Each structure stands twice: as structure tokens, then as C-alpha cells.
Amino acid sequence: MSSSDVKSVLLIGGSGFLGLHLIQQFSELKPQPQIHVFDVRPLPDRISKQFTFDPSTITFHQGDLTSPADVRKAIETSGATIVVHSASPMHGNSQEIYEKVNVKGTKNLLTVAKQCRVKAVVYTSSAGVIFNGQDIHNADETWPIPEVPMDGYNETKAIAEEMVLSANDPENDFLTIALRPAGIFGPGDRQLVPGLRQVAKLGQSKFQIGDNNNLFDWTYAGNVADAHVLAAQKLLNPTTAALVSGETFFITNDTPTYFWALARTVWKADGHIDKRVIVLNRPMAIAAGYLSQFFSKLLGKEPGLTPFRVKIVCAYRYHNISKAKELLGYQPRVDIEEGIRRTLAWMDEGL
Amino acid sequence: MGKVAELLSHPLELKAALKLKFLRKPLFPDVVIEESADLTRCHELLKLTSRSFAAVIMELHPELRNAVMLFYLVLRALDTVEDDMTIDPKIKIPVLREFDSKLDLPSWYFDGNGPNEKDRAVLVDFPCILNELHKLKPEYQRVIKEITGKMGNGMADYILDENFNLNGLQTVADYDLYCHYVAGLVGDGLTQMLVLAGFGSNDLYDENVHLYEDMGLFLQKTNIIRDYAEDLADGRSFWPKEIWSLYAEKLSDFAKPENTQQGLYCINHLVLNAMTHIESVLHYLASIHEQSSFQFCAIPQVMAIATLSLVFANPKVMHENVKIRKGTTCYLILKSRTLRGCVEIFQYYLRDIKKRLTVEDPSYLKLNIQISKIEQYIESMYQEQLPLGVKPQETLIYKKVLDRTEYDSKVAVIEEDEEFKFNLGFTMFLTFIAAVYFYSK
């Protein structure tokens, strides 16, 4: 057993979407480390067939991330040297929840982990931290975090990331790293692919917003989890730790693609191909978004099209992951096509 | 549609054709080379075998002009032996295998081609070629000999390869290897010469980086896709079975009307395969400093991407040899003088392909991803969309593009001059027409 072997890992938010993929990737390590999960909600009763890990080998710790006692207990009983923090509320929650989990929770975790002499913390940040609505062309980690954030979610993620990075303290043997995945999808995903399926079901897939020249990153959750395992290993290995600790890394599938090409691929995999596509250009779609927002408000319904959503689907948002490839040795193992196939297979399980 | 009508319906191309014909000046007009009788004959042979290629070669820097011309003629001679079905293999194989050693002889010729072989003069008058070849710098001679040896043996191997002759190319790896012999090697030789002349960055001919291989393969694969009907009529084919077998039982099935759709999917799959070379092509072009060499390398590449877009999803490919318009060629020749122009040409045709791609196509996502990948690469070449305060990444390609941009700006001056003269000429022409009209009333 070499020094970079992960012996015991504590996965904060391990019951969530990315959490299950983290369990999977850590469980594939040889020798398999002890895997502990800390979450507010228990592990799902039924695990998708897309996962092969044995749930009985996982130790579960229920608790509140903002409670020092809960976190301390989990770290101490697990004896974990590595903590992976991927707990994050879904987009669409209230500012209060974002603050609580992303800011207070992360702060609490860092304090307790350091007190408990944990060696390293791997934090799941988000590529959204550099997004403020402006186009992002092939961004690397030198891009600044905008002064005015896109929304409360990205704002709190950026604050948490900053806390994580500044907690990096090699002299006291406490190392941190932040990974910034972009557009995570995969089995367990509640947003990207299911959202698209919903659009097709409502018969809205024949509308295309924007000219479809904007590149977009989608990242398979299993690949994101891979990057976390690599980050943990690099932090535990004394020869590589100095290169990666205190650093951020964009994580993508390294295949940015046109937004609508991905959407149509999902619909096609579902057996749905539109014979004719109606293209709404960006300014027109934004105007339509305002109208839709206005009338939905009158009718007291949730608007389908909003100016915000139009801007999101028309923006260029793709990243350069040379740093992760070079320093973490990261390579996406599951390509987009296979990723979509697995996601749809999971959805068809009806879990 | 007649040529004139074709030009008139594409005004930008008409403009390009007029500019090319009347306004563009050669890069080395004042170089007078003492011509021997042998050299004159070589020029004639060059024009005889390829009119378009002759024009580009004659524009090359004097340092490389003859070397490239003779390289071309020697390979053309080799090809003429290989291609001629009237030559008995017992004679043909040894000639191909020993062709490189003939280059050392003071004089040698071959009279064994059939009377109908249109390029037989190249072999009959081979002594003229040899005389001029021996005047070249020894290092250029060495390159020509090395590549001739490899290519001659490669050709002989393919002639003897029963499986290849009977069943064509099997895997994509076979396809790449075949293209290596017929085109990759040419790129190899030309690149060695460019680097020897000091016209490209030194890493262009590197043991580990085979960018020239992609230059050759991109051209060759585009031709192979386009030539489907012509090759089939000649009873041969170079589409790899690994790809076409996904869409048909027999390669010839695509020519039947009921299989057109499958044929189109197959073409598009082959286009996808050819596109994998584009990033290296752009990298290669960014590495060339000398302007005439840049144009020499860029013209075939931009014509290839235009052709690739023409064959994409084009049912005509199944029945005839499609060709890009003459006017398009003029436009491309003028625009490809700068790296920026080349990049814009590639981007234009890639987006055009993307626009015509249908969701039903089995390669739909892969083509989208491949085109995106090239777009991302182009972004990394220029890095012009960075937010305030972010410095460009000083990658190898970025630095090369930056260097190349300096050379581009010199061409821009020439382009502006041409544009000015064109506008002046055009205004005079209009005034003249107006005057004639006015007085004739």
C-alpha cells in the first residue's frame, strides 16, 4: 500500500446525485477504501442498476452539515483522512438554503476537519462561479470570479470555494482543493436530462432559441467523481500534493458541444426527432420571455420561458481543462454519448 | 450552367477571378533564373501533368522552386509507372522498387508505358529531370531519394497485396496507412525541404509530431470520398470497409437509388473521419513563415475543406465526380494568403456542414463534437475573447499564431492594394458603360 492510497474517505452529501457516483468511483479503487457517507437524508433504498457498489460496505452517518457536533462525530468515527465535500442544494432553492449549506456548512466543515487532523478536503465547487451572463470562451482557471455574480447560488458557491482555498495550510498538514465541474449529468440527475425530457413531452422541442453556435460543456457525473478520486490521491501523495493543493480545476468532458445538438441527441435517444425546427433568435426570444413572464404572473402560473433562461441557453459556456489533465492526470472516461445512454437507462428504471 | 453565367451569379467569386487574373502580382517577379534546355523541358512536363499545380509551384520562393518541381516530377513518374495497367507486373515491380536508385544514375529513362498513357513523356524525357535533379543541393536530393524509395516500395507492396486488390481497404488503420503511402510521404518530403530551407519552424519536422502526415491525409481522404463514383467505375475503391460496412452490404450498393440515404450517412461518417486532421493542419500552417511556401501549403488545404463541405450529404457523389466552382477556387486562393483567412475559410465550411447535419444522421453527435473541438482549438489559437485582466495562455500554438500574425499583416497591405485597384478599375468600367449609354441615346 503506497502513501497515496485512500484508506478511508468521508463523503459529505454522499446520498445525493454526485454522491452516489463518488461512492461508485471510490469503491472501484483497489484496495477498496472504507467509505463513509455523511448526509441529511439516508442513502436511497434502491440503487440504480447503473451502480455496482455494494451498499452494505458503506457506513452512513446522518447529520446536519452546519452542526459542529454532527460533523465531528462523523469524522471521528470514520477515521477518514480525506473528506470530500459535495453537498450542495439544488438550483432553484431559496437564498437562505444556499447560505446555510454552501457558506455556513462549508465553514463548519473546514473548522472541524482541521481540528480533527483530517489530511485533505476535496471541495465540489462549480464552473458557474465565473459565470455572470457574459459569454465564456474556453475559460481556464485564471479567469476571475465576477464582481456581480449570476445569482445567489453561484455567489454562495464562490464564497465557499474561496474559504476552502484559503484554508489550505500545508505547514499544518491540512490540504484543500476545489473542483469546478460544468453541466453535470448522469444517472440520478434531476435537472439536465430530465428537464429535456420534460420539454419534449410538452411538445416544445421543435423550438430552438438562438443560432446554436454557442458551445456548452456537459460533464458525465462518473467523470466528475473520477476527478475527485484523482484529487484525493494527488493530495495524499507527498510528491504531487504541493502542485495541486490550494488550487482550482475545471472539470468537463473535454468535448464542448452546441447546446441544441446535445438536447436533440437526448430527444433522439428517446425516439423523438422533430421534422421541422422553429428558430427564435436571441432578441426575439428575450422579448417573448418577458411576455411569458408577464402573462404567467397574471395567471399565477410558472412561466416556461423567461429572459433569464433564454440568456442561459444562448450563452457560450465552455472551459479549458488543460490544468486538470496535466496536474491531476484527469481524462474523461465516459463520453457524452455513453453518458446519455446511461442516464436514459436510469430514467427508464423509474426509480 | 455556363462558366460565365456561373461566375455572374456569384459576384464575390467573379470579383476574385478578376483580381486573380489582372491584379495579383507574383511574390518573386524580379527573379530571373538562367534556364537550361533541360529546365525548360521540366517546366513543360510540369505544365503537361498538372496545370493548376504548375502555377503554384512556379510562384514558390526560388530556393525551393526547382526542388519542389523535381520532387513532383519524380513522384509523377513513379505514379505513371504504377498506374499503367498495360505494364507487365514482372517489369513494373522492379522498376517501382528500384526507382530511387535510378535517381543516382547520370542518365536513365523508361519507355515501357502504353502509347495511350498521357504522362508517358515524363518517363521518356527522364534524363532532363535527372540532369536538373543533380544540380540541386545535396540535402534536397537526399530527401527526394528517400521519399521516392519509400513510396516506390509502398506501391509495389500494394500491387502484390492480394487481399487489398480483391477486397479493398479493411480497417480505418489500413485506410490511414494507404493514405500515408500516397500522400503522407509527400508531406514528409515537402516538410523536410521547408525546414531545410529555414521556411518553417524547426519543430515542424519532429520525430514525435507528424503534423505533415495530417496535411497529406486530410487532402487524400477528401479526394477518396469525392472519387467514389470514378473509382468504382475503374473497378477499385479506397473507402475502408470498417466504415462503409455499417451502411451497406456491398460498397457498390450506394450507387443504387434505394440506398442513397445510407450512402449519405456513410459519406458523412467519412467526412467525420477526415475532420480529425484539421487541428493539425491549422497548427502546421501556423508554423510556416515564408509567404510563398505558406500559400503553396494552404491552397490545397482550403480547397480540401471546401470540397469536404461539397461532398457532405451530397447524393451526387454516388454517381459523379463533384467539383468546387472555378470561381470558388479563385476566391480561396486569394483569401488563403493569410493564416486568419485560412482559419475563416475552415470555420465557414465547418459551420456550413453543421447547419446541414440532420438529427437522424448516425454521426450527428460525433460530428457536432468534432466541429466543436475544432472551434475550441481555433479559440485557443487566437484567445481574443478573454475578459479584462486575463492574460492569454502562452501555449506553443498561441505563440506560433502570434508570429504568423506578423507575416499576415504584410499580406494585408497587398490585399488592400488589390482591393483599391479593383475598385478603381470597376469605377472606371462603370463610368465607361454609363458614358457609352449616355452618348448612344
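All chains are named by letter (A, B, ...) in the order of the sequence lines, taking the proteins before the strands, and each is independently numbered beginning at 1. What you see is a predicted model; the values in this text were computed from it and never measured.
The contact between A:H319 and chain B is made entirely by backbone atoms, counting heavy-atom distances below 4.5 Å. With a threshold of 4.5 angstrom between heavy atoms, A:Y258 approaches chain B through its backbone and through its side chain. For A:W260, the part sitting under 4.5 Å from any heavy atom of chain B is the backbone (N, CA, C, O) and nothing else. With a 4.5 angstrom heavy-atom cutoff, B:L357 does not touch chain A via any of its atoms. B:L367 does not touch chain A: none of its heavy atoms, backbone or side chain, sits under 4.5 Å away. Residue A:D335 does not touch chain B at all, counting heavy-atom pairs closer than 4.5 Å. Proximity to chain A (any heavy atom under 4.5 Å) is shown, for B:E360, by both the backbone and the side chain.
Between A:F17 and A:H21, the ring-plane angle classifies as perpendicular under the 30° and 60° cut-offs. Note: B:Y265 and B:Y247 have tilted aromatic rings, judged against thresholds of 30 and 60 degrees for the angle between ring planes.
If you tally non-hydrogen atom pairs under 4.5 Å between each of A:V277, A:T255, A:D140 and chain B, the highest count goes to A:D140.
Within the 6.0 Å centre-distance limit, the rings of B:Y212 and B:Y205 are counted as a close aromatic pair.
Side-chain polar atoms of B:K221 and B:N273 form a donor-acceptor pair below 3.5 angstrom. B:E379 and B:Q385 share a donor-acceptor pair across their side chains, judged by distance under 3.5 Å alone.
Each of A:T219, A:N223, A:D217 was scored for a side-chain hydrogen bond (donor to acceptor under 3.5 Å, both in side chains) with A:N253, with one residue passing: A:N223.
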